[in-house]
Every structure is written in structure tokens, then in C-alpha cells.
Amino acid sequence: MLPVPDTAIIVVAAGSGTRLDAGAPKALVGIDSRSILRHALDGVFAAAPAQVIVVAPAGFEGDAETEAREAAGDRIDLVRVVTGGATRQQSVSAGLAALWGDVTTVLVHDAARALTPPAQIDAVIAAVTDSVGVIPALPVVDTLKRVDGGAVVGAVDRSELAAAQTPQGFPRALLESAYAAARASGVEYTDDAALFAAAGHVVRHIDGSARAFKITTPSDLERARHLLAETGEVHSSPTRAARSGLPRVGLGTDVHAFGGEGNLWLAGLEWPGEPPLSGHSDGDAVAHAIVDALLGAAGLGDIGEHFGTAHPEYAGAHAEVFLARTRQLLAEAGFVIGNVSAQFQGNRPRFSARRAEAEQALSAALGGAPVSLTATTTDGLGFPGRGEGISVTAIAMVVPDDSRRA
Ligand SMILES: Nc1ccn([C@@H]2O[C@H](COP(=O)(O)OP(=O)(O)OP(=O)(O)O)[C@@H](O)[C@H]2O)c(=O)n1
Ligand SMILES: C[C@](O)(CO)[C@H](O)COP(=O)(O)O
């Protein structure tokens, strides 16, 4: 039996994630092969030992329990999962009700701040006293204005402001009495520090960190994914195909008609003066054929499944976004990209002058994997020959990543 720590961390994960709009409670949405909640718990368990209370969305307590079990390892005895409420404040209340008797310091942490460094958690624990609450905060970098309707009516001195993060830490007894007062008054606060201060207590701030940003919108989720890819922290769960150890090939085709407005986007490049292609995204048929070839090679479905109209965040997106996400999906499934070859069929644009530039742009978006491009006309035959649109065929080879094979 592990010694019982005198600190507890309440991880609130019961929000619905309306602004993320991912079709599932936000905390259970994957950043890589691990969910937002799992990443948050990985950070919590990498910090100083604490009792951990996970506040789960109603009906998803079992999922939260599984995530907690995997993150906690042999510290699972220190974990409790409780059901959240309709507001963040109600969810924190549910967490407070599950505290163990020995706990004297309580941290409240948003699961949505999934990549918060463990050092930030430790710094908050170290700064809490028996009378003072502590929040991590970042300076406000934008110039701020006070507005009224459409008018700018004044300036705001940003040196007086800070952007609050979590975890926020408090002496238990004072936080419990502040929550009781808030319940009695019926006032809803957006964070625990505001609720604690409203009860007359002092809150101090320490330095927050850029990594502790809150995943709120689809672009925040992309930011988290990019961050993990950049720092080589993507977690994979090798698929059966990857565990086979064999290289695999895939084929992708895409066709787009000329149409729409603006410049042409093709092979990751903008082509000023060339007629644009129509499509849900930017119509870059070269990138889309490559995506299908890669997904097909890895056995991960197709472009419609991962980037179609059910994913509005990709509307208008350019090649680098599609290709970077595809590379990440492959990495999560345990594959690295061997090479890609694509053939463009159409009358224009004339590819030869920009072939090297296009290959380099596509390769960079795929993390340096070799990409070769060829181009041909169809001697006036078919829709490419009549100048109605273009067609692209791509093949790709993917290779199981030995370093990730279980
Ligand atoms: N009823 C609620 C609402 C929010 N939270 C948690 O509080 C944190 C901050 O909330 P936010 O990120 O704004 O989450 P959502 O309420 O899920 O998002 P949205 O407002 O877009 O619906 C999140 O970790 C969220 O899971 C919670 O536990 N219970
Ligand atoms: C607690 C919090 O994360 C502090 O920044 C935030 O106040 C909660 O979420 P919301 O974005 O204000 O709804």
C-alpha cells in the first residue's frame, strides 16, 4: 500500500466540448493514439504523488476509469473517478466531495489543458500555503481595447492583466468553505481562483507556460498535435498491419474540375494566374491523391473518412495541413513513410518549371519523406484533354516503424 499523499488533484474532464464539436465528450477525443484526458493524466502522474480524482462526463465513467488505470500504473489506488455536473463548478464540487480525509492541499486542473508540464503542477503545489491560493498565469501579449457595440471606447492597461491557467491550488479547508458559499449564493464562477477570491481569500500567481494552453477549438487540437509531432512525443499504437513488419503499398487517385475563385493550389504550391480547382478544401488533387495512397497503404481508410465534410476544420485547408495530419495518423498506427510518387494528368499548369519546388514542399509536409512528381497531358483525350479538370494518381510505400513495434 502506497503512503497517502496530503495533496489531491481534481482533474475536471466532464465538459461536453461544444466548441471543439468532435462528436464525443472533449476529454475522450484523441490527440494522438492517446486522448486529451490521458495526456492530462500522464502529466499529473509525472508530477509529485497526489490523490487524483477524475471528474468524468456522465455515462463515460468507465472510459475515464480505463484512462486513469493506464496512466496511473501501480498508483491506481490513489485514483477515484466521479461523475461531473452540468457546469465546471458543479464538476469541481463533485470532485471535492470525493477527497480523502488526509488531504490538506487541493489542486483543480482542466483535463483540457492536456499538455501542461508536470513542473507547472509541482510549482503550484509548492506555492500553496494554508491561507493562500495559487494560479499559473501568462502575461497578456495583445493590445487590448474596451469596446461597446461596434465602437472602441478605451484602452486597457495589459500590464495589470494575466491569462489564468490550471492547475489552480488551494488550502483544502478554505476551498471547501468557499465552494459552500458559492453554492449558497448560486453564483457561477469561470475558475476556482475567482470563487476563492470572492470568499475573501488571497490568490497569488506564478509563471504559467505556453504548453498549458486549453484545447477549446479544432485549431487548438491541431496545435496540440503539431506540438507533439515537433517534439517527437507522438504516441503510437501499432496496428496489426504495422506489427506484421512488412512494407506496404497504397494507391490514390483524385480528380478535380476547374472552377471557383482565387488562385490555383496544386502540389502544395500556389500558382498565380492559373485557373483554380473546385473542392471542399483547396482542390489540391496532388496532395489528396497522396493522402489516399498513404492511408490506403497503412490500411487506415481514406481521405473522406479523415478529412471529409464531417471535419469542417479542413475546409479550405492546404496541402501541408492534410499531409502533416496524414503523417501523424501513420505514425500513430506505427508506420513511417518510405516514398511517394505521383503523376499529374492535365494540360495546365506546366509542371516542369516548378517540379523541384513542389517535390520539396510536399516532402517537407511529410517530414522529409521522398516525393517524386511526374506530369503528362492526355493528348487532348478525355476531360483533362478538354481542359475541364485534372487527374492525379499517386502510389506510396509505408514501412513499419521498428522503434515503435511492440
Ligand atoms: N460541466 C463541466 C464543464 C467543464 N468541465 C471541464 O472544465 C474544463 C474547462 O472547460 P472547457 O474547456 O471550457 O470545456 P467544455 O465545457 O467541455 O467546452 P465547451 O465550453 O466548448 O462546451 C475542461 O477540462 C472540462 O472538461 C467539467 O468538468 N464539467
Ligand atoms: C479554468 C480556466 O481554464 C482558467 O483559464 C477557464 O476559466 C475555464 O474555461 P472557460 O474557457 O472560461 O470556459
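All ligand and atom numbering here is 1-based and tracks the order in the structure. Note that the structure is predicted; figures quoted are calculated from it, not measured. The figures that follow rest on heavy atoms only: side chains count, while hydrogens, waters and symmetry mates do not.
Within ligand 1, counting atoms from 1 as listed, the ones closer than 4.0 Å to a heavy atom of Ser91 are 1 (N), 2 (C), 27 (C), 28 (O), 29 (N). Residue-ligand proximity, Ala164 to ligand 2, at heavy-atom distances under 4.0 Å covers atoms 4 (C), 5 (O). Set against the non-hydrogen atoms of Thr18, the atoms of ligand 1 under 4.0 Å away are 19 (P), 21 (O), 22 (O). Every atom of ligand 2 with a heavy atom of Arg113 under 4.0 Å away is listed here by number and element: 2 (C), 3 (O), 4 (C), 5 (O). Below 4.0 Å from some heavy atom of Asp110 lie the following atoms of ligand 2, by number and element: 1 (C), 2 (C), 3 (O). Near Lys214, with a cut-off below 4.0 Å to any heavy atom, the atoms of ligand 1 are 11 (P), 12 (O), 13 (O). Close approach of ligand 2 to Asp191 is summarised as follows: ligand atoms under 4.0 Å from at least one heavy atom of the residue are 1 (C), 7 (O). Ligand 1 places these atoms under 4.0 Å from at least one heavy atom of Ala13: 26 (O), 28 (O).
The shortest N/O to N/O separation between Val55 and ligand 1 does not fall below 3.5 Å. Polar contact check, Thr166 against ligand 2: no nitrogen or oxygen pair lies under 3.5 Å apart. Between Thr87 and ligand 1, at least one pair of N/O atoms sits closer than 3.5 Å. Considering backbone and side-chain N/O of Ala14, one or more are found under 3.5 Å from N/O of ligand 1. Residue-to-ligand polar distances place Ala86 within reach of ligand 1: an N/O pair is separated by less than 3.5 Å.
With 3.5 Å as the limit, one finds a donor-acceptor pair spanning the side chains of His109 and Thr166.
Atom NE2 of His201 has more than 12 neighbouring heavy atoms from other residues, nucleotides or ligands inside a 6.0 Å radius. Summarising the local packing, CD of Gln360 is surrounded by 12 or fewer heavy atoms from other residues, nucleotides or ligands at distances under 6.0 Å. At most 12 non-hydrogen atoms from other residues, nucleotides or ligands lie less than 6.0 angstrom from CG of Asp207.
Among Arg88, Lys214, Gln165, the residue whose heavy atom sits closest to atom 9 (O) of ligand 2 is Lys214. Among Arg19, His109, Arg88, Gln89, the residue whose heavy atom sits closest to atom 13 (O) of ligand 1 is Arg19. Which of Asp110, Ile36, Val92 comes nearest to atom 8 (C) of ligand 1 through a heavy atom is settled by distance: it is Asp110.
Ring geometry, Phe196 versus Phe170: the interplanar angle falls from 30° to 60°, so the pair is classed tilted.
What sits closest to atom 24 (O) of ligand 1 on the protein, heavy atoms only, is Val12 O, 2.8 Å. Counting protein heavy atoms only, atom 14 (O) of ligand 1 is closest to Lys26 NZ, 3.3 Å. Nearest protein neighbour of atom 4 (C) of ligand 1, counting heavy atoms only, is Gly15 CA, 3.5 Å. The shortest contact between atom 1 (N) of ligand 1 and any protein heavy atom is with Gly85 O, 2.9 Å. Looking from atom 15 (P) of ligand 1 to the surrounding protein, the closest heavy atom is Gly17 N, 3.8 Å. With hydrogens left out, the protein atom closest to atom 7 (O) of ligand 2 is Thr190 O, 3.1 Å, a heavy atom.
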### Task
Output, in order, the C-alpha distance, side-chain angles, deciding distance and verdict of side-chain contact (heavy atoms from CB on, under 4.5 Å) for Trp271 and Asn263.
CA-CA 6 Å; Trp271 300 74; Asn263 283 331; over 6 Å; no

### Message
Run His235 and Asp32 through side-chain hydrogen bond (donor to acceptor under 3.5 Å, both in side chains) and show every step you take.
### Response
CA-CA 6 Å; His235 292 280; Asp32 46 17; 4.8 Å; no

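The residues Arg211 and Glu233 are annotated as salt-bridged, a charged nitrogen and a carboxylate oxygen being separated by less than 4.0 angstrom. For the pair Asp220 and Arg19, the salt-bridge criterion is not met [side-chain N within less than 4.0 Å of a carboxylate O]. For the pair Glu359 and Arg355, the salt-bridge criterion is not met [side-chain N within less than 4.0 Å of a carboxylate O]. Using a 4.0 Å cut-off between charged side-chain N and carboxylate O, Asp191 and Arg88 make no salt bridge.
Glu332 pairs with exactly one of Arg34, Arg225, Arg327, Arg325 by the salt bridge (charged side-chain N to carboxylate O under 4.0 Å, His left out) rule, that one being Arg325.
Side-chain atoms of Arg75 come within 3.5 Å of backbone N or O of Phe45 as a donor-acceptor pair. Between the side chain of Glu230 and the backbone N or O of Leu228, no donor-acceptor pair lies under 3.5 Å.
At a 4.0 Å heavy-atom cut-off, ligand 2 touches Arg19 through the side chain alone.
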